[in-house]
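Take a look at this one; I'll ask things after.
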Amino acid sequence: MSMKPPPYEVVFSRPFHSSNELENVRAVLCSDHVHGDGSYTRSASERLRQVSSSPAVFLTTSGTHALEMTIRLLDIGPGDEVILPSFTFPSAANAVALAGATCVFVDLDPLTGNLDPAGVAEAVTSATRAISVMHYGGVPVDLTEISAIAEQHGIPIIEDNAHGLGVVTRHGVLGSIGRLGMQSFHDTKNVHSGEGGALLVNDPVLVEHAEILREKGTNRSKFIRGQVDKYSWVALGSSYLMSELNAAVLDSQLSEFTIIQAERFAIWNAYAARLAPWAEQHGVQLMSPPEGIHAAHVFWMIMPDAVSQAATLQRLRGMGIEATSHYVPLDTSIAGRRYGRTLHPLTHTADFASRLVRLPLWAGMSEDQVSQVIESLGSLTPVAGAVN
Ligand SMILES: *Cc1c(COP(=O)(O)O)cnc(C)c1O
């Protein structure tokens with residue numbers, strides 16, 4: 001089988017370009033305020049507050065750092081356990097392990113790829129200090145059941161909402177529902193600032209601590225507001241605040257959030273509608289979010305088995321289309337085995353990860369590119385054990 005070398009005709013992801021971002025960056029560089037917490041940080045934070053409905057948002061250097069902050073804010077440490085999905089990005093687990101706590105990995109619901117509430121219920125122990133959920137593709141985790149478990153045991157929920165910016169559910173907007181939430185603005189996300197993220201603090205009790213943690217353990221934020229006459233070291237902290245250069249890009253991107261989402265949804269909807277007959281015919285399960293709620297962040301399909309996944313990825317790449325799989329389950333990874341445990345083998349997670357294929361999806365993809373992906377897939381006949 002011949003493999004077309006990259007660059008691909010249709011890449012998997014391409015960072016969005018918003019109209020004012022260069023102008024904004026120039027304005028920051030020409031100003032006397034290039035470090036964090038300047039006017040673009042204020043403006044972007046206000047936009048984010050509107051989109052997320054979270055009462056207090058803090059721009060950070062990355063989504064990963066925002067997750068680290070959530071664990072610090074909840075004072076989680078050695079001897080404590082955090083329940084989290086095995087099928088997620090390593091950052092949520094790193095945050096737990098860096099604090100010296102133990103990751104307890106739970107299986108997923110194959111309809112959504114999200115944390116399975118029944119698995120959460122059985123994983124709770126007297127050492128559980130948080131339930132860390134991730135809304136895969138912006139499809140809401142079943143918060144009715146998970147919130148009930150959390151409330152029953154008095155355990156806070158952390159939302160990794162890297163995929164689901166602005167997704168409205170009947171429980172509220174994703175990221176604003178748990179005690180703490182986070183966003184990522186990595187350039188593979190719907191809205192980006194190169195690297196960047198945000199901590200969403202939904203419990204007012206934690207706001208002051210979050211400010212201190214983000215400002216190197218100092219009360220500098222109070223000083224800037226004129227509430228103290230000197231700032232000093234008051235608690236443990238680090239430098240988690242976003243530079244104004246990144247905030248300048250983020251502010252521009254957030255101002256075009258509606259445009260970005262409209263473009264992404266048009267592509268997602270084209271895949272869902274035009275691939276349905278082919279998927280049905282070949283036993284391929286297309287992403288099908290309950291109640292149609294998602295963020296158009298990813299479009300995934302579950303192939304008949306692992307062999308047809310590998311073959312599909314290889315054939316698509318050979319046709320110039322950069323399709324990919326996704327997470328290697330954390331519970332079976334080298335660090336996951338060292339820093340975490342499971343109650344039993346996570347069979348749904350292993351199966352889901354071994355059969356998943358994601359298609360290119362980014363604002364700016366042309367209609368021809370979308371058709372090329374659909375037609376290329378349509379020319380393949382996936383069957384268990386192969387693709388012909
Ligand atoms: C991207 C991502 C992160 C990490 O965010 P960064 O901003 O890259 O640090 C964490 N969790 C999930 C689910 C992600 O997709």
Side-chain angles (χ1 to χ4, degrees), residues 52-58 60 63-64 66-77 80-89 91-96 99 101-109 112-184 197-207 209-210 213 290 293 295 330 340:
S52 71
S53 286
S54 175
V57 314
F58 295 95
T60 57
T64 301
L67 285 167
E68 282 180 37
M69 291 176 76
T70 65
I71 298 298
R72 295 280 173 207
L73 286 171
L74 296 174
D75 203 16
I76 292 169
D80 295 339
E81 295 176 355
V82 174
I83 294 172
L84 73 166
S86 168
F87 188 73
T88 188
F89 193 73
S91 296
N94 262 314
V96 174
T102 302
C103 302
V104 179
F105 297 114
V106 164
D107 216 346
L108 56 73
D109 173 352
T112 58
N114 282 337
L115 197 57
D116 171 31
V120 175
E122 72 180 359
V124 173
T125 72
S126 58
T128 308
R129 294 288 170 267
I131 301 169
S132 180
V133 304
M134 191 272 282
H135 307 288
Y136 186 51
V139 175
V141 168
D142 182 350
L143 283 171
T144 310
E145 273 195 58
I146 293 178
S147 302
I149 299 164
E151 263 165 46
Q152 186 193 337
H153 298 278
I155 304 167
I157 293 176
I158 300 167
E159 289 179 86
D160 176 339
N161 195 34
H163 298 182
L165 179 64
V167 170
V168 181
T169 76
R170 85 177 92 94
H171 298 282
V173 182
L174 295 187
S176 75
I177 305 163
R179 194 161 182 217
L180 293 159
M182 78 74 144
Q183 301 294 152
S184 165
L199 172 72
L200 312 184
V201 183
N202 305 319
D203 177 351
V205 168
L206 298 175
V207 168
H209 188 186
L213 184 60
I293 302 175
L330 295 176

Interatomic distance, Ile71 atom CD1 to Ile76 atom CD1 [nearest 0.5 angstrom]
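Spacing of CD1 (Ile71) from CD1 (Ile76) equals 4.0 Å.
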Please report the closest heavy-atom contact between Thr102 and Gly340, naming both atoms and the distance.
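Of all heavy-atom pairs spanning Thr102 and Gly340, the closest is CG2-CA, 4.4 Å.
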Per-pair distances, 0.1 Å, donor-acceptor, side chain in residues 143-154, under 3.5 Å, sequence neighbours excluded:
unit_1: Thr144; atom_1: OG1; unit_2: His171; atom_2: NE2; d: 3.0
unit_1: Ser147; atom_1: OG; unit_2: Leu143; atom_2: O; d: 2.6

Using only atom types and a distance under 3.5 Å, with no angle test, would you say the side chain of Glu159 pairs donor to acceptor with the backbone of Gly181?
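No.
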Side chains of Thr88 and Leu115 in contact at under 4.5 Å (non-hydrogen atoms):
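Counting from C-beta outward, Thr88 and Leu115 never come under 4.5 Å.
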Mind telling me whether Tyr136 and His163 have parallel, tilted or perpendicular rings, with 30° and 60° as the class edges?
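Tilted.
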Do Ser184 side-chain atoms and Gly197 backbone N/O form a donor-acceptor pair below 3.5 Å?
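Not a single qualifying donor-acceptor pair exists.
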For the pair Thr60 (side chain) and Ala198 (backbone), establish whether a donor and an acceptor sit closer than 3.5 Å, ignoring hydrogens and angles.
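Side chain of Thr60 to backbone of Ala198, a donor-acceptor pair under 3.5 Å: yes, one is there.
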State the OG1-NE2 distance between Thr112 and His135, to the nearest 0.5 angstrom.
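With rounding to 0.5 Å, OG1 (Thr112) is 11.0 Å from NE2 (His135).
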Can you check whether Leu174's main-chain N or O pairs, donor with acceptor, with Asn161's side chain at less than 3.5 Å?
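Checking the backbone N and O of Leu174 against the side chain of Asn161, a donor-acceptor pair under 3.5 Å is found.
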What is the minimum heavy-atom distance between Ser52 and Val173, and which atoms define it?
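Taking Ser52 first and Val173 second, the nearest heavy atoms are O-CB, 3.4 Å.
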Could you report the tightest heavy-atom contact between Asp116 and Leu108, atom names first, then the distance?
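Of all heavy-atom pairs spanning Asp116 and Leu108, the closest is CB-C, 3.9 Å.
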Do you know which two heavy atoms are closest between Ser132 and Pro85, and how far apart they sit?
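Closest heavy-atom pair between Ser132 and Pro85: O-CD, 3.2 Å.
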With distance as the sole test, does Asn202 use its side chain to make a donor-acceptor pair with the main-chain N or O of Ser54 at under 3.5 Å?
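Between the backbone of Ser54 and the side chain of Asn202 there is no qualifying donor-acceptor contact (under 3.5 Å).
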Any donor-acceptor pair under 3.5 Å from Asn114 side chain to Asp109 backbone:
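Not confirmed, Asn114 side chain does not pair with Asp109 backbone.
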Is it true that atom CZ of Arg72 has more than 12 heavy atoms of other residues, nucleotides or ligands lying nearer than 6.0 Å?
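No.
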Shortest non-hydrogen contact between Pro290 and Val139, atoms and distance
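Closest heavy-atom pair between Pro290 and Val139: CD-CG1, 3.9 Å.
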Nearest 0.5 Å, please: how far is CG in Asp107 from CZ in Phe87?
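Here the rounded value is 11.5 Å.
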Euclidean distance, Arg179 CZ relative to Thr70 OG1, rounded to 0.5 Å:
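Thr70 OG1 to Arg179 CZ: 11.5 Å, rounded to 0.5 Å.
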First locate atom CD1 of Ile177, then atom CZ of Arg170, and finally report the distance between them rounded to the nearest 0.5 Å.
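It comes to 10.5 Å.
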Minimum heavy-atom separation for Ala101 and Asp80, please, with both atom names.
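Smallest interatomic distance, heavy atoms only, reads CB-O, 3.3 Å.
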Walk me through it: do Thr125 and Val104 pass the test side-chain contact (heavy atoms from CB on, under 4.5 Å)?
CA-CA 10 Å; Thr125 72; Val104 179; over 6 Å; no
Measure the spacing between CG of Leu199 and CG of Leu73 and express it to the nearest 0.5 Å.
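Atom-to-atom, Leu199:CG and Leu73:CG are 6.0 Å apart.
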